[in-house]
Amino acid sequence: MYSFSTRSSFIATPHESMAELWSAISAALPVTEAEFPLDFSEKVEPSVVDVLKRCRQQLYTRSGRWRQNAQIILDLSWEKLNTGTWRDVDKEWRCLYSYGCLFKVAALCCDDASPATVQEAIRTCDLGLLMGAAIMDNILQTIVRILQNEIGKRHSNEEDPSDGVSAKKMKVDCVSVPVVKQALAVPRIHCPSLESFKKDYLDPQKSVILEGIIDHWPAFKNHPWSIEYLQTVAGCRTVPVEVGSRYTDEEWSQTLLTVNEFIDRYIVVKDASSLGYLAQHQLFDQVPELKDDICIPDYCCLGEGDEDDITINAWFGPGGTVSPLHQDPQQNFLAQVVGRKYIRLYSPEDTEKLYPHQLQLLHNTSQVEVESPDVVRFPEFVKAPYLECVLQPGEVLFIPVKHWHYVRSLELSFSVSFWWS
Ligand SMILES: O=C(O)CCC(=O)C(=O)O
């Protein structure tokens with residue numbers, strides 16, 4: 001934590017919109033250099049701390065090779081972030097990366113408020129939010145909001161109604177809709193009490209579709225989720241995107257795109273031959289407006305963990321995206337907001353019949369293509385009993401811990417899953 005003293009505008013710039021943007025950003029920073037915290041342990045070499053201090057001084061005097069020094073911090077911390085496995089990266093390096101992002105954003109915006117610079121600053125904040133650690137009361141989140149407002153103001157001045165996604169040619173989803181066999185259908189229940197959900201489904205670890213439990217979400221009522229809404233609240237934000245039909249394919253990869261780029265490339269017809277999936281757990285932290293549109297299901301209180309331990313994932317993509325058959329180590333509520341998804345569920349008791357990959361990295365994923373299995377290579381697969389469903393908007397599927405699930409979207413789809421224990 002750091003304290004703020006009474007603020008005077010410490011930097012003036014000639015151009016009006018530039019001055020406005022800079023004054024909003026500088027208002028988010030500590031007023032004086034002395035109040036700007038730089039607390040690192042001895043893991044960070046003194047020479048690096050010196051560069052940080054130089055950046056800080058240059059920020060408050062607006063002089064010197066400030067931008068270059070920020071880049072030195074970024075390059076150095078980037079190397080540390082990319083050494084070894086992510087899990088083992090020390091938080092100090094993630095903090096250092098966030099400081100590099102903060103200094104770069106300030107250097108970018110102090111004398112330039114052009115659209116390209118603001119967009120670059122937003123991307124820099126997002127990289128800090130995705131790869132760094134929260135510093136100075138999550139200042140990158142505060143600054144990215146300021147930058148987003150700036151973009152929003154400019155858009156509302158320039159708005160051209162014919163430019164919306166709905167006016168463009170949307171990718172036509174030609175995906176087959178399976179007929180769910182009644183005998184194999186996942187059971188459904190309307191708003192069960194906590195007790196009956198626990199007794200009938202959680203304790204015996206049985207999957208079920210819960211109806212009527214998310215109808216009150218703002219994502220359905222106040223701001224119904226749509227492509228246009230997503231573009232309004234997050235269009236300029238940089239997010240990780242999965243590219244390829246499924247993560248088990250050789251040509252599958254991950255990349256960083258803005259939400260607008262993702263929509264243009266994978267939702268609106270451009271490259272109809274490839275699939276992209278915005279599947280990630282950081283979207284709701286990055287874009288709090290989206291988090292305000294959803295609520296953690298009450299049933300999660302039946303778990304032993306705290307609310308903070310619940311992982312909330314976003315799954316946004318065109319029809320045809322596939323999550324191969326896999327299992328996760330936590331209970332899951334998969335809530336469908338937009339579009340429908342075909343889902344198959346297999347019990348962990350039948351794991352052997354599902355032929356998990358041998359590789360450690362993929363050991364929670366089956367080798368079998370569920371809807372067109374190679375019965376010669378995987379003869380036992382067809383003997384594994386399963387349940388299936390088409391999950392509709394407003395429905396929530398309970399997937400018990402370790403239960404194998406295969407998911408294919410039948411059209412443009414936005415779902416949210418809650419992993420809890
Ligand atoms: O919706 C999807 O594509 C996958 C969802 C999933 O695997 C999960 O929530 O664990």
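Just so you know, ligand 1 is whichever comes first in the structure, and atom 1 is the first atom listed for that ligand. Basis for what follows: all heavy atoms, side chains included, without hydrogens, waters or symmetry-related copies.
A cation-pi geometry, defined here as NZ or CZ lying under 6.0 Å from the six-membered ring centre and within 45° of its normal, does not hold between Arg56 and Phe36.
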Please tabulate, line by line, the atom pairs linking an N/O of ligand 1 to a protein N/O at a distance below 3.5 Å, with the distance in Å to 0.1, or answer 'none'.
{"residue": "ligand 1", "atom": "1 (O)", "partner": "Tyr277", "partner atom": "OH", "Å": "3.4"}
{"residue": "ligand 1", "atom": "1 (O)", "partner": "Lys341", "partner atom": "NZ", "Å": "2.7"}
{"residue": "ligand 1", "atom": "3 (O)", "partner": "Tyr277", "partner atom": "OH", "Å": "2.6"}
{"residue": "ligand 1", "atom": "3 (O)", "partner": "Ser323", "partner atom": "OG", "Å": "2.6"}
{"residue": "ligand 1", "atom": "7 (O)", "partner": "His326", "partner atom": "NE2", "Å": "3.0"}
{"residue": "ligand 1", "atom": "7 (O)", "partner": "His405", "partner atom": "NE2", "Å": "3.2"}
{"residue": "ligand 1", "atom": "9 (O)", "partner": "Asn332", "partner atom": "ND2", "Å": "2.9"}
{"residue": "ligand 1", "atom": "9 (O)", "partner": "Ser417", "partner atom": "OG", "Å": "3.0"}
{"residue": "ligand 1", "atom": "10 (O)", "partner": "Asp328", "partner atom": "OD2", "Å": "3.0"}
{"residue": "ligand 1", "atom": "10 (O)", "partner": "Asn332", "partner atom": "ND2", "Å": "3.1"}
{"residue": "ligand 1", "atom": "10 (O)", "partner": "His405", "partner atom": "NE2", "Å": "3.2"}
{"residue": "ligand 1", "atom": "10 (O)", "partner": "Trp419", "partner atom": "NE1", "Å": "3.2"}

Identify every side-chain donor-acceptor pair in residues 372-381 under 3.5 Å, counting partners at least two apart or on other chains, and give the distances.
{"residue": "Ser372", "atom": "OG", "partner": "Glu369", "partner atom": "OE1", "Å": "3.4"}
{"residue": "Asp374", "atom": "OD1", "partner": "Val376", "partner atom": "N", "Å": "3.1"}
{"residue": "Asp374", "atom": "OD1", "partner": "Arg377", "partner atom": "N", "Å": "3.1"}
{"residue": "Glu380", "atom": "OE2", "partner": "Lys383", "partner atom": "NZ", "Å": "2.9"}

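Partners of Tyr342 by ring-ring contact (aromatic ring centres under 6.0 Å, His included), not counting sequence neighbours: none found.
Counting heavy atoms of neighbouring residues, nucleotides and ligands inside a 6.0 Å radius, atom NZ of Lys353 exceeds 12 of them.
Residue pairs that meet the side-chain hydrogen bond (donor to acceptor under 3.5 Å, both in side chains) test with at least one member in residues 38-49, sequence neighbours left out, are Ser41-Glu92, Lys43-Asp90.
Taking the six-membered ring for Trp and the full ring otherwise, the centers of Phe316 and Phe262 sit less than 6.0 Å from each other.
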